[in-house]
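These numbers were taken from a predicted model, which means no experiment stands behind them.
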Amino acid sequence: MLEVDDVTRTFRGSRGRTVHALRGVRMSAAAGEVVGLLGLNGAGKTTLAKVIATLLLPTTGTVRVDGLDVVAQPRRARAALSVVLGGDRGLYQRLDARENIRFFATLSGVSRRDLAARCEEALEAVHLGHVANRAVQTYSRGMRQRLHLAIGLVARPRLLLLDEPTVGLDPIEAQSIRDTVAAMRRDGTCIVLTSHYLADIEQLADRVVILDEGRTLLDLPLPELIARARAVARVTISGTDQDRRWTTELHLPEWTPAALHGLADQWPAGRITDVQVSHARLEDVFRELTAARAERVAR
């Protein structure tokens, strides 16, 4: 559904300096697959999303959406995808939700014959049917985010680009968004998800692509990526006077009985008062990768 082949993008910066935003990025995504796109600020995530969405031209390389070249066939490629940026912008505040969806559906080419049914389908998918006649200016932030998603759904895109879909939402609203995205995946929609909330990636992504300084640093199935993280053991140790304690954090390849015995051998009997082990999470992998980058920059 999506093919990004050796894509670069350069900009003219201050004093005529060339800025390399993308440096030979490669990735792909299939129908019914959610690919999480991660990276530090400035890694190239937004630039890549804009190139895929036909909002920016690649300097070199090729992007195809459903087999359509986004440079040679931008209109047809654009008809196959939707972009959901979220936030307060892009909605008509004095119109109600149904009117907003109808307007954007018309721009997306939804026929007049299908318009009413498509609008109701999108409203129900994001659980806004009961407030569809209320002006958007009365909506909470979470409700507006769900409306953005409904606008993205109404054209039934084969590829959906989601940028920070749960930013600023409370846990219940965020989970509602995730449930809707999961339902789209089950229906065969290909989804590229950019998020700083790693819970979104862990719950939804089948694969994760990590960009670093405009390059594809990693492209792995989510379980394989998490397997790169080490187990973290937080060990509390008592001092000789029993009133003083301190905690140390150990990063281990895995937590096994042998690791426990090795830990016990490091301190006299009775000195270890508590051991808490946390399982590997995507956040741990990302933290290690960003720390490695910071170390490279410092050198």
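Residues passing the side-chain contact (heavy atoms from CB on, under 4.5 Å) test with Ala21 are Phe11, Thr47, sequence neighbours excluded. Residues that satisfy the salt bridge (Lys or Arg N to Asp or Glu O under 4.0 Å) test with Arg118, not counting sequence neighbours, are absent from this structure. Taking the salt bridge (Lys or Arg N to Asp or Glu O under 4.0 Å) definition, one finds that Arg23 meets it with nothing, sequence neighbours left out. Listed by chain and number, the residues in a side-chain hydrogen bond (donor to acceptor under 3.5 Å, both in side chains) with Arg76 amount to none (sequence neighbours excluded). With sequence neighbours excluded, no residue forms a side-chain hydrogen bond (donor to acceptor under 3.5 Å, both in side chains) with Glu3. Take Arg134 and apply the salt bridge (Lys or Arg N to Asp or Glu O under 4.0 Å) test, not counting sequence neighbours, and it matches no residue. Not counting sequence neighbours, the partners of Ser176 by the side-chain contact (heavy atoms from CB on, under 4.5 Å) test are His127, Arg146. The side-chain contact (heavy atoms from CB on, under 4.5 Å) test applied to Asp170 returns Ile172, Glu173, not counting sequence neighbours. In this structure, Glu124 has no salt bridge (Lys or Arg N to Asp or Glu O under 4.0 Å) partners at least two apart in sequence or on a different chain.
Put simply, CG on Leu123 and CG on Leu153 are 10.0 Å apart, with the number rounded to the nearest 0.5 Å. Interatomic distance, Asp66 CG to Leu2 CG, rounded to the nearest 0.5 Å: 10.5 Å.
Val65 is not listed as a side-chain neighbour of Thr54, based on a closest heavy-atom distance of 4.5 Å or more. Counting only heavy atoms from C-beta outward, the side chains of Thr216 and Met27 never approach each other to under 4.5 Å. Using a 4.5 Å heavy-atom threshold, the side chains of Asp69 and Thr62 count as touching. Using a 4.5 Å heavy-atom cutoff, the side chains of Val51 and Val25 are not in contact.
Under the 4.5 Å side-chain heavy-atom criterion for grouping Ile, Leu, Val, Met, Phe, Trp and Tyr, Leu91 is connected to Tyr139 within one hydrophobic cluster. Linking ILVMFWY side-chain heavy atoms closer than 4.5 Å, directly or via other members, places Leu95 and Leu149 in a single hydrophobic cluster.
For residues 174-193, the salt bridge (Lys or Arg N to Asp or Glu O under 4.0 Å) pairs, not counting sequence neighbours, are Arg178-Asp200, Arg185-Asp206. Sorted by first then second residue, the side chain to side chain donor-acceptor pair (under 3.5 Å) pairs that include residues 27-38, not counting sequence neighbours, are Glu33-Arg207.
Formation of a donor-acceptor pair under 3.5 Å by the Thr166 side chain with backbone atoms of Ala174 is not found in this model. Lys50 contributes no side-chain N or O that, together with a main-chain N or O of Leu56, makes up a donor-acceptor pair within less than 3.5 Å. Judged by distance alone, with hydrogens and angles left aside, the side-chain atoms of Arg9 form a donor-acceptor pair with the main-chain N or O of Leu57 at under 3.5 Å.
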Derivation and outcome, side-chain contact (heavy atoms from CB on, under 4.5 Å), residues Leu193 and Ile201: CA-CA 8 Å; Leu193 168 65; Ile201 304 296; 4.0 Å; yes
Verdict with supporting geometry, Glu164 and Gln145, side-chain contact (heavy atoms from CB on, under 4.5 Å): CA-CA 10 Å; Glu164 303 289 353; Gln145 193 72 351; 5.9 Å; no
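Counting only N and O atoms by type, the side chains of Gln73 and Arg64 include no donor and acceptor under 3.5 Å apart. Checked by atom type, the side-chain pair Arg158/Thr189 shows no donor-acceptor distance below 3.5 Å. Inspection of the Thr59 and Thr8 side chains reveals no N or O donor paired with an N or O acceptor under 3.5 Å.
Partner of Ile52 under the side chain to side chain contact (heavy atoms under 4.5 Å, CB included) criterion, out of Val83, Val63, Leu37: Val63 alone.
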Show the atom names and distances, to 0.1 Å, of all donor-acceptor pairs under 3.5 Å that link a side chain in residues 100-112 to residues at least two apart or in another chain.
| residue | atom | partner | partner atom | Å |
| --- | --- | --- | --- | --- |
| Asn100 | OD1 | Tyr92 | N | 2.9 |
| Asn100 | ND2 | Tyr92 | O | 3.1 |
| Asn100 | ND2 | Asp96 | O | 3.0 |
| Thr106 | OG1 | Arg102 | O | 2.8 |
| Ser108 | OG | Phe104 | O | 3.0 |
| Ser111 | OG | Asp114 | N | 3.3 |
| Ser111 | OG | Asp114 | OD2 | 3.1 |

